[in-house]
Amino acid sequence: VSLRLLHPFMPFITEEIWQNLPGNQGSIMVSEFPKVEEGELRPEDEADMGMVMGVIGAVRNLRSELNIPPAKKVEVILHAGQKKTRNLLEESRVCLESLARTAALTIEPGGEKPKGSATAIVEAVEVFLPLRGIIDLEDEEKRIQKELAKIGEDLSRTHLKLHNQDFLEKAKAEAVEKEREKLKALSEREGKLKESLARVQGWRREGCGEAEKK
């Protein structure tokens with residue numbers, strides 16, 4: 001049953017194992033897909049796993065926003081007011097530490113926000129990533145500003161193109177639509193970068209993110 005469920009996502013290895021199991025005939029590809037057994041559904045377990053995945057995703061998103069290399073381990077602090085949630089996080093500690101690439105993982109009932117931390121919220125869990133020693137916020141601010149300047153130039157060119165009557169009349173409809181999609185994507189990217197810049201500037205005001213000594 002597990003092999004048949006996995007087959008659409010891992011076709012080659014499941015086929016190989018299927019062929020080597022006794023009693024199987026033909027390809028797993030044409031075997032009957034498992035039917036849902038109502039008694040085996042566990043919505044609470046599914047919700048719990050969704051929350052754990054959300055915490056891992058939140059840490060990864062913060063890492064991505066701050067351009068922290070995937071191989072670099074970071075400190076993560078989780079605040080969860082409910083004991084049940086803390087127990088779940090503790091039970092999932094190995095997954096959290098491995099998939100979020102943590103050097104230290106602290107799970108607490110709550111309290112004051114750790115000073116100088118990037119923050120995210122997943123359901124009833126507050127996620128904190130302390131920044132001191134992780135990145136140089138001054139360099140990060142300069143990087144974002146440089147990228148914003150480049151996007152600003154691209155937006156200006158795209159705006160001019162879409163306001164050029166000669167282009168609108170002579171270009172194919174597909175070309176015009178492509179430029180409009182480009183304008184939308186650039187605008188969305190600009191908005192996200194401005195949000196990131198505001199966060200970085202806020203962290204700098206808090207006096208965190210001291211450059212890591214090499």
Side-chain angles (χ1 to χ4, degrees), residues 53-79 96-106 112-123 125-214:
M53 291 168 63
V55 171
I56 293 168
V59 176
R60 287 179 166 183
N61 287 339
L62 290 173
R63 293 176 63 108
S64 176
E65 288 178 13
L66 295 164
N67 281 328
I68 298 173
K72 185 175 181 63
K73 293 189 174 184
V74 296
E75 179 186 2
V76 172
I77 300 169
L78 304 178
H79 284 181
L96 291 165
E97 290 175 337
S98 175
L99 298 175
R101 299 290 295 166
T102 66
L105 175 63
T106 305
E112 292 186 10
K113 169 188 172 182
K115 186 177 179 181
S117 299
T119 309
I121 296 177
V122 180
E123 297 181 27
V125 180
E126 291 180 289
V127 181
F128 303 102
L129 196 161
L131 299 174
R132 187 170 296 278
I134 296 295
I135 62 170
D136 186 322
L137 289 178
E138 184 178 357
D139 286 348
E140 181 65 10
E141 183 175 347
K142 289 177 181 177
R143 183 194 69 80
I144 295 173
Q145 288 174 333
K146 183 177 180 181
E147 192 169 347
L148 274 171
K150 183 178 183 305
I151 284 182
E153 292 174 1
D154 291 341
L155 275 170
S156 180
R157 282 194 293 269
T158 307
H159 272 297
L160 286 173
K161 206 168 187 180
L162 287 172
H163 283 83
N164 184 327
Q165 198 62 35
D166 193 46
F167 169 74
L168 294 175
E169 291 176 357
K170 293 182 179 179
K172 292 183 178 180
E174 294 86 352
V176 175
E177 184 60 27
K178 186 177 180 180
E179 289 299 316
R180 286 176 178 153
E181 289 175 358
K182 180 181 177 181
L183 180 66
K184 181 181 177 182
L186 286 170
S187 298
E188 289 175 354
R189 178 62 180 156
E190 183 185 47
K192 290 179 180 178
L193 282 171
K194 285 181 177 178
E195 290 175 4
S196 295
L197 180 62
R199 279 194 291 271
V200 168
Q201 289 172 335
W203 294 330
R204 286 196 67 190
R205 286 193 293 271
E206 291 182 14
C208 59
E210 180 183 276
E212 187 175 34
K213 301 293 187 293
K214 295 184 179 179

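Just so we're clear, the structure is a prediction, and the values are computed from it rather than from any experiment.
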S.K.: Looking at I77 and P130, what are the two nearest heavy atoms and their distance?
M.R.: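 Closest pair (atom of I77, atom of P130, distance): CD1-CG, 4.0 Å.
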
S.K.: Atom CD1 of I144 and atom CG of D139: how far apart are they, to the nearest 0.5 Å?
M.R.: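 Going from the CD1 atom of I144 to the CG atom of D139 covers 11.5 Å.
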
S.K.: First locate atom CD1 of I68, then atom CD of E140, and finally report the distance between them rounded to the nearest 0.5 Å.
M.R.: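 Going from CD1 on I68 over to CD on E140, the span is 9.0 Å.
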
S.K.: Rounded to the nearest 0.5 Å, what's the gap from CD1 on I56 to OG1 on T102? Could you check?
M.R.: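 Going from the CD1 atom of I56 to the OG1 atom of T102 covers 10.0 Å.
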
S.K.: What's the separation between atom CG in L183 and atom CZ in R157, rounded to the nearest 0.5 Å?
M.R.: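 Spacing of CG (L183) from CZ (R157) equals 13.0 Å.
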
S.K.: Identify the two heavy atoms, one from L186 and one from I151, that lie closest to each other, and give their separation to 0.1 Å.
M.R.: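 Shortest heavy-atom contact: O-CG2, 3.8 Å.
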
S.K.: Could you measure the distance from the NZ atom of K192 to the OG atom of S187? Nearest 0.5 Å is fine.
M.R.: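 The NZ atom of K192 sits 12.0 Å away from the OG atom of S187.
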
S.K.: Answer yes or no: is there an ion pair linking D154 with K150, defined by an N-O contact shorter than 4.0 Å?
M.R.: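 Looking at D154 and K150, the cut-off is met.
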
S.K.: Determine, step by step, whether V127 and V59 satisfy the side chain to side chain contact (heavy atoms under 4.5 Å, CB included) criterion, reporting the C-alpha distance in whole Å, the side-chain angles of both residues, the deciding distance to 0.1 Å, and the verdict.
M.R.: CA-CA 7 Å; V127 181; V59 176; 3.8 Å; yes

S.K.: Identify, with sequence neighbours excluded, every residue that meets salt bridge (Lys or Arg N to Asp or Glu O under 4.0 Å) alongside R199.
M.R.: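 Expected list: E65.
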
S.K.: Using modelled atom types and a 3.5 Å cut-off, is there a donor and acceptor pairing between side-chain atoms of R101 and backbone atoms of V74?
M.R.: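 Side chain of R101 to backbone of V74, a donor-acceptor pair under 3.5 Å: no, none is there.
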
S.K.: Using the rule given for side chain to side chain contact (heavy atoms under 4.5 Å, CB included), can you reason through K72 versus I134, listing the C-alpha separation, both sets of side-chain angles and the distance that settles it, and then say yes or no?
M.R.: CA-CA 9 Å; K72 185 175 181 63; I134 296 295; 4.1 Å; yes

S.K.: Show your reasoning for whether salt bridge (Lys or Arg N to Asp or Glu O under 4.0 Å) applies to R189 and E147.
M.R.: CA-CA 10 Å; R189 178 62 180 156; E147 192 169 347; 2.7 Å; yes

S.K.: So which pairs with a foot in residues 174-188 pass salt bridge (Lys or Arg N to Asp or Glu O under 4.0 Å), sequence neighbours left out?
M.R.: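 Residue pairs with at least one partner in residues 174-188: K161-E179.
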
S.K.: In chain order, what residues pass the side chain to side chain donor-acceptor pair (under 3.5 Å) check against E190, with sequence neighbours excluded?
M.R.: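 Side chain to side chain donor-acceptor pair (under 3.5 Å) list for E190, sorted by chain: empty.
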
S.K.: Can you give me the closest heavy-atom contact between G54 and V122, atom names plus distance?
M.R.: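 So the minimum-distance heavy-atom pair works out to O-CG2, 3.5 Å.
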
S.K.: Are any non-hydrogen side-chain atoms of H79 and P114 less than 4.5 angstrom apart?
M.R.: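 The answer is yes; the side chains approach within 4.5 Å.
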
S.K.: Quick one: are E141 and L137 in side-chain contact, heavy atoms under 4.5 Å?
M.R.: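 Contact flag for E141/L137 side chains = no.
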
S.K.: Looking at N67, is its backbone amide N or carbonyl O close enough to the side chain of R143 to form a donor-acceptor pair, meaning the two atoms are under 3.5 Å apart?
M.R.: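 Such a contact is absent between R143 side chain and N67 backbone.
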
S.K.: Could you state the interatomic distance from OG1 (T106) to CD (E75), rounded to the nearest 0.5 Å?
M.R.: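 Here the rounded value is 5.5 Å.
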
S.K.: Does N164 use its side chain to pair, donor to acceptor, with the backbone of L160 at less than 3.5 Å?
M.R.: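 Side chain of N164 to backbone of L160, a donor-acceptor pair under 3.5 Å: no, none is there.
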
S.K.: Tell me, with the steps shown, if T119 and E126 meet side chain to side chain contact (heavy atoms under 4.5 Å, CB included).
M.R.: CA-CA 7 Å; T119 309; E126 291 180 289; 5.5 Å; no

S.K.: Show the numbers, then the answer: is there a side chain to side chain contact (heavy atoms under 4.5 Å, CB included) between V76 and E97?
M.R.: CA-CA 9 Å; V76 172; E97 290 175 337; over 6 Å; no

S.K.: Can you give me the closest heavy-atom contact between F167 and A175, atom names plus distance?
M.R.: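 Closest approach of F167 to A175: CZ-O, 4.3 Å.
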
